[in-house]
Amino acid sequence: MGLFKKKPPKDTNSVEFRLYMCKKLDGRALKYILERDPEKGDRVIGKGGVLSLYEGDFTVVCGGEALFVCNAEDLHAWEFMSLDGATLTGYDKVQNKERTVLVYYTYYRD
């Protein structure tokens, strides 16, 4: 129903908002995963997968391996206006650098 849904924190730079977004995205099934490169543009790095929040890490899993792992408190996440995906930006523990990853959800109903 949506009558008693918890509202997100107003400060989008706060740790509370980051954790709220991680909890909101946790468990979403994915259709595509793209990486944003300022020089080369966006490129597909995976098809199919899931978003996971586990023990303080937010992970993009595809094909049984982690493509992107970031500390949940440091992750900047925003959903697309269409609500069919999200942009994730943070320090990636897999490649040891700052990365931006775009994820597109599979179709679902709330």
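Salt bridge status for Arg28 with Glu79: present, with a side-chain N to carboxylate O gap under 4.0 Å.
Grouping the Ile, Leu, Val, Met, Phe, Trp and Tyr side chains by contacts below 4.5 angstrom, directly or via other members, places Val61 apart from Phe58. Residues Leu53 and Val60 share a single hydrophobic cluster, defined by chaining ILVMFWY side chains whose heavy atoms lie under 4.5 Å apart. In this structure, Leu19 is not a member of the same hydrophobic cluster as Val103, with clusters built from ILVMFWY side-chain heavy atoms closer than 4.5 Å. No chain of hydrophobic side-chain contacts below 4.5 Å, direct or via other Ile, Leu, Val, Met, Phe, Trp or Tyr residues, connects Leu102 to Leu67.
Counting non-hydrogen atoms of other residues, nucleotides and ligands closer than 6.0 Å to OH of Tyr91 gives a total above 12. Atom NZ of Lys93 has more than 12 neighbouring heavy atoms from other residues, nucleotides or ligands inside a 6.0 Å radius. Other residues, nucleotides and ligands contribute more than 12 heavy atoms inside 6.0 Å of the OH atom of Tyr20.
Nearest approach of Leu34 to Asp42, heavy atoms of both residues: CD2-CB, 3.9 Å. Shown here for Ser14 and Pro9, the closest heavy-atom pair between the two residues is OG-CB, 4.3 Å. Closest heavy-atom contact between Asp92 and Gln95: OD2-N, 3.3 Å. Shortest non-hydrogen contact noted between Ala77 and Leu25 is CB-CD1, 4.0 Å.
For the atom pair Arg99 CZ and Ile45 CD1, the distance stands at 5.0 Å (nearest 0.5 Å). We find the OG-CG distance between Ser52 and Asp26 to be 5.5 Å, quoted to the nearest 0.5 Å. The structure places NE2 of His76 at 6.5 Å from CG of Asn13, a figure rounded to the nearest 0.5 Å. Distance CZ/Phe17 to OG1/Thr12: 6.0 Å, rounded to 0.5 Å.
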query = Could you go step by step and tell me if Leu75 and Arg18 meet the side chain to side chain contact (heavy atoms under 4.5 Å, CB included) rule?
reply = CA-CA 6 Å; Leu75 180 73; Arg18 293 176 189 172; 5.7 Å; no
task = Please assess Leu88 against Cys70 for the test side chain to side chain contact (heavy atoms under 4.5 Å, CB included), listing each intermediate value before the final yes or no.
result = CA-CA 9 Å; Leu88 311 172; Cys70 181; over 6 Å; no
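For the pair Val50 and Leu30, the minimum side-chain heavy-atom distance is 4.5 Å or more.
In the model, Thr100 has a side-chain atom that pairs as donor or acceptor with a side-chain atom of Thr89 under 3.5 Å.
You'll find the ring centres of Tyr104 and Phe80 inside the 6.0 Å limit.
With hydrogens and angles ignored, the 3.5 Å screen pairs no side-chain donor or acceptor of Arg43 with any backbone N or O of Glu35. Of the possible donor and acceptor atoms, none in the side chain of Asp57 sits under 3.5 Å from a partner among the backbone N and O of Val69.
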